[in-house]
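Remarks on the structure that follows.
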Amino acid sequence: MSKMDSKKIESKWQEKWASADLLYKAEDFSKKQKKYVLVEFPYPSGEGLHIGHAFTMTGADVYARYQRMSGFNVLFPMGWDAFGLPTENYAIKTGIHPSKATDQNTATFKNQMKQLAFSFDWTREVNTTDSNYYKWTQWIFIKLFEKGLAYKEEKPINWCPSCKTGLANEEVVDGKCERCGAVATKKNLSQWIVKITDYADRLISGLEKTNFIEKVKAAQINWIDRSEGAEVDFEIKGFDKKLKVYTTRPDTLWGATFMVVAPEHWLVSEVISNPEIKQYVEESKKKSELERSELQKEKTGVFSGFYAINPVNNKEIPIWISDFVLSTYGTGAIMAVPAHDQRDYDFAKKFGLEIIPVIKSKTEWNYDDGAYTDVNTGEMINSDFLTGMVPKDAIAKIIKWLGEKGVGVKAVNYHLRDWIFSRQHYWGEPIPMVHCEKCGWVPVKEENLPIELPKVEKYEPTDTGESPLANIEEWVNTTCPKCGGSAKRETDTMPNWAGSDWYFLRYLDPDNDKSFADMKKLEYWMPVDVYVGGDEHNTLHLLYSRFIYQFLWDLGVVPKSVPEPYYRRMSHGVILGPDSQRMSKSRGNVIIPDEVAEKHGVDVVRTYLMFMGPFDGTMAWNENTLVGVKRFIERFYCFVSENKDDFGQKDSDKISSLVNKTIKNVSEDIAKFGYNTAIAKLMEFLNGVDKAEKSEISKESVKKIVLLTSVFMPYTAEELWDILGQEFSVHSQMWPKFDENSLKNEAKEIAVQINGKVRGKVNVTEGMTEDQVKELAISDNNVKKYMEGNEIKKFIYVPGRIVTIVV
RNA sequence: GCCGGGAUGGUGGAAUUGGCAGACACGCAGGACUUAAAAUCCUGUGCCCUUUAAAGGCGUGCGGGUUCAAUUCCCGCUCCCGGCACCA
């Protein structure tokens with residue numbers, strides 16, 4: 001058996017492909033139908049491409065290749081999300097400018113990607129750190145500002161003491177910094193904030209126009225977490241201001257026995273002179289978000305001295321202060337109904353407050369066990385005009401009543417918070433704003449964009465929360481774009497997400513200097529047909545970029561007919577180390593794609609990655625299975641190369657149906673990202689054909705199968721195409737079609753069951769009638785044996801599948 | 001607690017609308033080639049009973065149900081993974 005020399009094959013075609021680099025070019029306005037296949041662009045770290053990148057991108061590449069060969073005008077671009085902390089840290093350590101490090105890293109990444117034979121259209125490469133790219137990132141920010149969706153405010157924000165920067169709510173996971181894992185603290189800082197909450201409803205409803213899988217939709221809906229209820233005003237006894245609360249259960253108003261406000265609530269400042277209250281408030285302010293939620297079992301609190309008046313019955317109820325009420329949600333104040341809310345219940349038990357049930361449970365309910373919270377069953381009691389109703393109906397009635405009395409309105413709340421948009425770091429897009437004593441915050445004039453990052457001596461972030469840019473006086477000091485007076489530039493930079501929010505639009509027109517992309521091109525290419533990415537971005541990048549896109553849609557700068565940027569989202573899976581643990585340097589279980597490719601060949605790596613398991617699964621690296629794939633590729637190579645002169649003119653019937661079945665199944669599987677089964681079917685083909693006489697197989701059919709393999713193993717397929725004497729390149733061929741007739745005529749062996757047990761087999765073809773099959777089945781010797789002396793009670797024939805006889 | 005997804009041989013995983021469970025691959029066992037090993041090739045491989053074979057029994061997390069037929073549908077659970085969570 002002639003061994004294949006994968007090294008030689010790789011370098012040979014690598015060279016040939018480089019000189020024919022328009023192989024994968026996407027053509028604007030082509031008459032072919034477009035297909036925009038997008039895979040998340042990477043952060044070009046100094047470590048190079050890791051196996052997760054290789055996996056994800058191979059998956060996207062196979063899909064793009066399949067669509068391209070199927071006749072679509074495929075856009076499959078790549079770029080660099082290059083602003084970020086690792087590069088900045090590298091600069092701090094070495095003094096080398098981040099842009100230089102970025103250049104080196106992107107060059108390495110690009111090389112690796114070419115080595116792995118990803119079919120990107122490199123003529124559309126983008127880089128978020130290019131000033132002619134981030135010009136438009138800045139432009140988008142100015143538009144947000146102009147539309148009142150970006151504002152600067154001093155307020156306590158999440159702060160990572162390790163990264164020394166502010167964090168968006170989405171970047172705090174379990175109370176820790178999403179990037180470095182340090183416990184997030186609170187810090188009072190003046191920050192740019194983007195009002196993503198204005199789009200909360202649309203971010204939910206827009207999902208209906210997409211074809212995202214359930215889990216992605218659910219993650220976003222959960223994160224936004226819309227709730228409906230009412231805002232109710234309570235008078236405060238002996239005080240002229242009212243206390244506004246948000247509740248989802250206004251039906252339980254008669255059961256409200258006390259009120260609770262957050263320690264940050266305005267009312268607290270009225271009584272802060274009380275030493276007990278002062279101490280409580282200070283202690284809870286010291287706690288981080290993490291500590292507050294960790295301590296959630298034991299409730300704490302202090303009585304404010306105030307009483308509120310319940311608008312439904314004029315009862316006076318005490319107002320307490322407790323940090324289980326969040327200042328950031330609703331109004332920062334609640335009415336407590338301990339009989340029907342577990343948290344209120346716990347608080348009441350701890351401080352000996354009254355518990356008044358206003359809903360009678362259908363079944364016996366013991367209030368010693370906790371609160372009764374069901375809205376859908378039970379019956380209102382002790383509630384005046386609501387008495388007798390089901391709680392969920394009572395809600396509508398009481399909201400109407402509150403409105404008539406002018407003490408409450410229907411209200412909606414979200415878990416989603418506004419987006420903290422300032423970062424106190426060097427390596428990011430400068431926020432294009434200028435502060436003027438006279439005019440306040442003024443955006444830079446559009447013609448003066450981009451505001452380029454100035455050179456600095458020191459890249460270190462500071463503990464004070466000031467960006468390193470603040471030290472460059474000649475850059476900071478400028479003139480006001482409005483009045484021309486002296487003014488200062490904003491020194492904070494944008495979060496990473498700013499550049500990646502809209503990059504998929506720039507691919508469509510990467511060199512445009514009049515706008516971020518030409519409308520005609522946008523209209524041709526948008527929306528993204530399939531977006532391949534990771535679940536870790538479901539509530540970060542994916543949510544942010546949908547928001548920014550919706551905003552651009554409102555501006556009218558993206559096509560009216562495309563309200564959502566991504567039609568379909570495909571989640572990719574995760575590759576674990578050989579020990580089934582997440583790969584990490586400290587565990588020493590990291591698999592480096594280059595090394596595996598060096599040892600086994602690129603096609604083996606690609607095909608193995610796709611064969612490991614379902615594309616969206618979590619799978620452990622296993623060198624044994626990889627060797628199995630290697631065997632397959634080598635066997636396939638030998639099958640074609642060694643028999644190239646022995647293949648016949650025409651397939652035998654058996655081979656013909658195998659070939660057609662393979663084309664059909666492989667195509668269908670690839671179209672739904674079922675790569676593991678697609679490869680299994682190619683293996684089946686080889687197993688089936690390996691033992692057959694080679695003259696039974698036509699060269700035409702072999703060519704078709706080579707085309708099928710080309711999406712997984714582009715090098716081997718190109719070599720085999722050449723060996724078969726075909727013209728370069730295999731990758732610009734059309735995807736093979738299968739012959740429906742050859743599948744129809746195929747005789748199929750199906751099982752004959754008697755009383756649920758398989759007792760025989762019969763060969764049927766598609767056109768056969770039930771009677772014909774019946775005759776065939778009962779004439780089978782084995783079947784006859786089992787039917788002896790029995791009468792057929794029922795005969796069932798499921799065409800092409802099974803015969804069942806009940807006796 | 002709420003939401004989403006799972007549980008199939010020794011292992012990774014396959015199974016259109018309910019239709020022969022275990023495709024494909026790994027591993028394992030036996031054999032061929034070899035002085036030997038590696039590589040390669042061939043054969044077997046869900047479990048149990050059985051000397052072997054035939055025949056049978058049991059099998060898709062657990063308990064019920066519908067059906068000629070259930071991994072698939074329905075009811076009730078257990079456990080695992082992911083998201084959210086003192087969100088009023």
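We name chains A, B, ... by the order of the sequence lines, and we start the count at 1 in each one. No hydrogens, no waters, no symmetry mates; every other heavy atom, side chains included, goes into these values.
- The side chain to side chain contact (heavy atoms under 4.5 Å, CB included) test applied to A:D233 returns A:K242, A:K244, not counting sequence neighbours.
- Only the P atoms considered, B:C75 is 15 Å distant from B:G5, to the nearest whole Å.
- Annotation: side chain to side chain contact (heavy atoms under 4.5 Å, CB included) contacts of A:K661 (sequence neighbours excluded): A:N665, A:L743, A:E746.
- With sequence neighbours left out, A:D198 forms a salt bridge (charged side-chain N to carboxylate O under 4.0 Å, His left out) with no residue at all.
- With sequence neighbours excluded, no residue forms a salt bridge (charged side-chain N to carboxylate O under 4.0 Å, His left out) with A:R179.
- Applying the ring-ring contact (aromatic ring centres under 6.0 Å, His included) criterion to A:F615, with sequence neighbours excluded, gives A:F55, A:F673, A:Y675.
- In secondary-structure terms, RNA chain B builds stems of at least 3 consecutive Watson-Crick or G-U pairs, each pair having both distances under 3.5 Å, at B:1-7 with B:78-84, B:10-12 with B:24-26, B:27-32 with B:40-45, B:46-48 with B:56-58, B:61-65 with B:73-77.
- For A:V640, the side chain to side chain contact (heavy atoms under 4.5 Å, CB included) partners at least two apart in sequence or on another chain are A:F636, A:V702, A:V706, A:L720, A:L724.
- Identified under the salt bridge (charged side-chain N to carboxylate O under 4.0 Å, His left out) test for residues 248-257 of chain A, with sequence neighbours left out: A:R249-A:D251.
- Checked against the 6.0 Å centroid criterion, the rings of A:W497 and A:H541 do not qualify as a close aromatic pair.
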Would you tabulate the pairs of protein nitrogen or oxygen atoms and nucleotide nitrogen or oxygen atoms of nucleotides 53-56 of chain B closer than 3.5 angstrom?
from	atom 1	to	atom 2	distance (Å)
B:G56	OP1	A:R759	NH1	2.8

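- When the salt bridge (charged side-chain N to carboxylate O under 4.0 Å, His left out) test is applied to A:D579, no partner is found at least two apart in sequence or on another chain.
- Rounded to whole Å, atom P of B:A88 lies 13 Å from atom CD of A:E231.
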I'd like a table of atom pairs between the protein and nucleotides 15-22 of chain B - only N or O on both sides, under 3.5 Å - with the distance next to each one.
from	atom 1	to	atom 2	distance (Å)
B:U17	O4	A:R801	NE	3.1
B:U17	O4	A:R801	NH2	3.4
B:G19	N2	A:T804	OG1	3.0
B:C20	O2	A:K761	NZ	2.8
B:C20	N3	A:K761	NZ	2.7
B:C20	N4	A:E749	O	3.1

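- Residues passing the side chain to side chain contact (heavy atoms under 4.5 Å, CB included) test with A:D369, sequence neighbours excluded: A:N366.
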